[in-house]
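Read the structure below first, then the notes.
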Amino acid sequence: MRGRRATPREQILCIFWSGGGTGFIGTALTQLLRARGHEVTLVSRKPGPGRITWDELATSGLPRCEAAVNLAGENILNPLRRSAGALELRSFRAGGGRRDPDENREPWRIWNETFQKEVLSSRLETTQILARAINKAPQPPQAWVLVTGVAYYQPSLTAEYDEDSPGGDFDFFSNLVTKWEAAARLPGESTRQVVVRSGVVLGRGGGAIHHMLLPFRLGLGGPIGSGHQFFPWIHIRDLAGILVHALEASHVQGVLNGVAPAPTTTNAEFAKALGAALGCPAFIPLPGMVVQAVFGRERAIMLLEGQKVVPRKTLASGYRYSFPELGAALKEVVA
């Protein structure tokens with residue numbers, strides 16, 4: 001299928017949830033698929049052109065399609081969710097409500113446990129629903145692609161991880177990736193299965209960099225914590241490209257690391273490169289204790305610690321990166 005237009009009878013069905021079809025990655029993927037001649041259908045809470053609802057999926061099953069993609073997931077690094085939860089808790093107590101049984105526990109932990117349930121639900125339940133629909137389909141799709149994350153690999157200042165490296169068993173987020181990928185697994189070999197473990201996604205109008213630009217433009221940017229931690233990243237155009245490559249190339253299966261092939265980047269090097277792309281200084285560090293206060297201890301680990309991840313199988317599969325180097329990627333993002 002790669003390198004030719006889809007015929008009118010061919011269709012790639014991209015399955016999204018929680019705004020995935022119109023979100024940052026979903027929008028880029030949809031645009032690329034349509035540019036290559038594929039028809040795209042979204043699974044959504046609301047009906048509309050080019051969409052089916054979750055109720056329709058449950059009652060009528062998966063429509064005939066050539067491939068399916070799952071981008072489901074609550075945004076893990078959304079600081080506003082934590083702030084809202086903490087404010088809600090404080091407001092309830094200040095208003096004279098009943099004493100919460102967890103009154104003596106830290107507010108971030110109470111909220112964090114609720115958040116963890118939402119993170120699990122937004123990934124595991126939807127993935128299980130989609131996997132069951134694919135498994136029951138009279139004509140299952142040829143390919144089933146899931147996007148997870150490099151949180152599967154344990155943070156380290158020395159270890160290097162490729163797609164065959166062990167992981168997935170040392171904290172909440174690594175265990176989440178293990179359960180998430182297991183939920184997507186299909187029996188048999190009728191459908192080709194691919195998992196893309198994505199790094200930090202860089203692109204215009206969304207992703208991690210969306211929240212970084214203002215402080216960096218004001219000259220207040222800099223490394224997070226020590227800055228020595230690795231920073232596995234990928235440009236949005238390449239993440240969408242890897243997903244399309246996984247859908248179209250019939251030889252691709254198993255795990256692909258969705259990270260750039262550039263030499264290892266640390267957080268301090270990323271901050272310096274972003275400052276250079278903006279023409280602004282980038283030497284004011286963000287202390288680890290501030291990161292923990294904003295995101296909570298568990299999520300802060302994702303920012304204060306990092307992994308050296310290499311896309312060995314992604315490169316071996318034949319994918320060619322549009323932005324293999326950080327400098328060029330950042331210049332495109334901030335242009």
Side-chain angles (χ1 to χ4, degrees), residues 1 6-34 36-76 116-149 176-198 239-240 242-244 246-248 250 252-253 258:
M1 184 166 63
T7 70
R9 289 180 298 175
E10 288 180 330
Q11 174 182 4
I12 282 186
L13 173 64
C14 289
I15 299 181
F16 310 101
W17 186 73
S18 294
T22 56
F24 181 51
I25 299 173
T27 297
L29 177 58
T30 299
Q31 289 174 348
L32 182 55
L33 284 169
R34 287 176 174 158
R36 293 184 64 81
H38 299 298
E39 182 182 346
V40 178
T41 300
L42 310 181
V43 177
S44 172
R45 292 187 180 117
K46 298 181 180 180
R51 295 174 180 267
I52 63 171
T53 66
W54 285 94
D55 288 339
E56 290 171 333
L57 182 67
T59 56
S60 303
L62 191 73
R64 184 175 179 178
C65 60
E66 194 173 351
V69 182
N70 184 10
L71 298 179
E74 172 70 28
N75 181 6
I76 292 176
Q116 287 180 2
K117 292 178 182 178
E118 292 179 4
V119 167
L120 285 167
S121 174
S122 66
R123 285 162 172 77
L124 302 186
E125 292 180 12
T126 53
T127 301
Q128 289 166 350
I129 291 171
L130 296 170
R132 283 196 296 267
I134 292 172
N135 194 41
K136 292 180 180 179
Q139 293 181 299
Q142 296 176 21
W144 165 227
V145 180
L146 174 71
V147 180
T148 62
L176 168 62
V177 175
T178 296
K179 293 176 182 177
W180 193 2
E181 294 178 1
R185 204 163 292 130
L186 301 174
E189 299 180 355
S190 59
T191 297
R192 184 168 51 84
Q193 302 175 56
V194 182
V195 172
V196 178
R197 292 176 183 153
S198 173
L239 180 57
I242 290 171
L243 293 175
V244 172
L247 291 168
E248 293 184 336
S250 60
V252 177
Q253 60 184 345

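These numbers come from the heavy atoms of this one structure, side chains and all, not from hydrogens, waters or symmetry mates.
With rounding to the nearest 0.5 angstrom, the CG atom of Leu239 is 8.0 Å from the CG atom of Leu29. Note that the CG atom of Leu62 and the CD1 atom of Ile52 stand 6.5 Å from one another [nearest 0.5 Å]. Taking CZ of Arg36 as the start and CZ of Arg34 as the end, the distance is 15.5 Å to the nearest 0.5 Å. Rounding to the nearest 0.5 Å places CZ of Arg123 at 11.0 Å from CG of Leu71. With values rounded to the nearest 0.5 angstrom, Glu248 atom CD is found 7.5 Å from Leu33 atom CG.
A 4.5 Å side-chain heavy-atom check between Val252 and Arg192 finds at least one atom pair inside the cut-off. Residues Thr30 and Leu42 meet the side-chain proximity criterion, which asks for heavy atoms closer than 4.5 Å.
Contact detail for Leu124 and Ala183: the closest heavy-atom pair is O-CB, 4.2 Å. Ser198 and Val147 make their closest contact through CB-CG1, 4.2 Å (heavy atoms, listed as atom of the first residue, atom of the second, distance).
For the residue pair Glu66 and His38, no side-chain donor N or O sits within less than 3.5 Å of a side-chain acceptor on the partner.
Although no hydrogens or angles enter the test, the distance criterion places no donor-acceptor pair under 3.5 Å between the side chain of Ser121 and the main chain of Lys117. Side-chain N or O atoms of Thr27 include none that pairs as donor or acceptor with a backbone N or O of Phe24 at under 3.5 Å. The backbone N or O of Gly149 lies less than 3.5 Å from no partner atom in the side chain of Trp180, so there is not a single donor-acceptor pair.
Shown here are the side chain to side chain contact (heavy atoms under 4.5 Å, CB included) partners of Ala131, two or more places apart in sequence or in another chain: Leu186. When the side chain to side chain contact (heavy atoms under 4.5 Å, CB included) test is applied to Val145, the partners found at least two apart in sequence or on another chain are Val69, Val194, Val196, Leu243, Ala246, Leu247.
For residues 181-191, the set of pairs meeting the side chain to side chain donor-acceptor pair (under 3.5 Å) definition, not counting sequence neighbours, comprises Thr148-Glu181, Glu181-Arg197.
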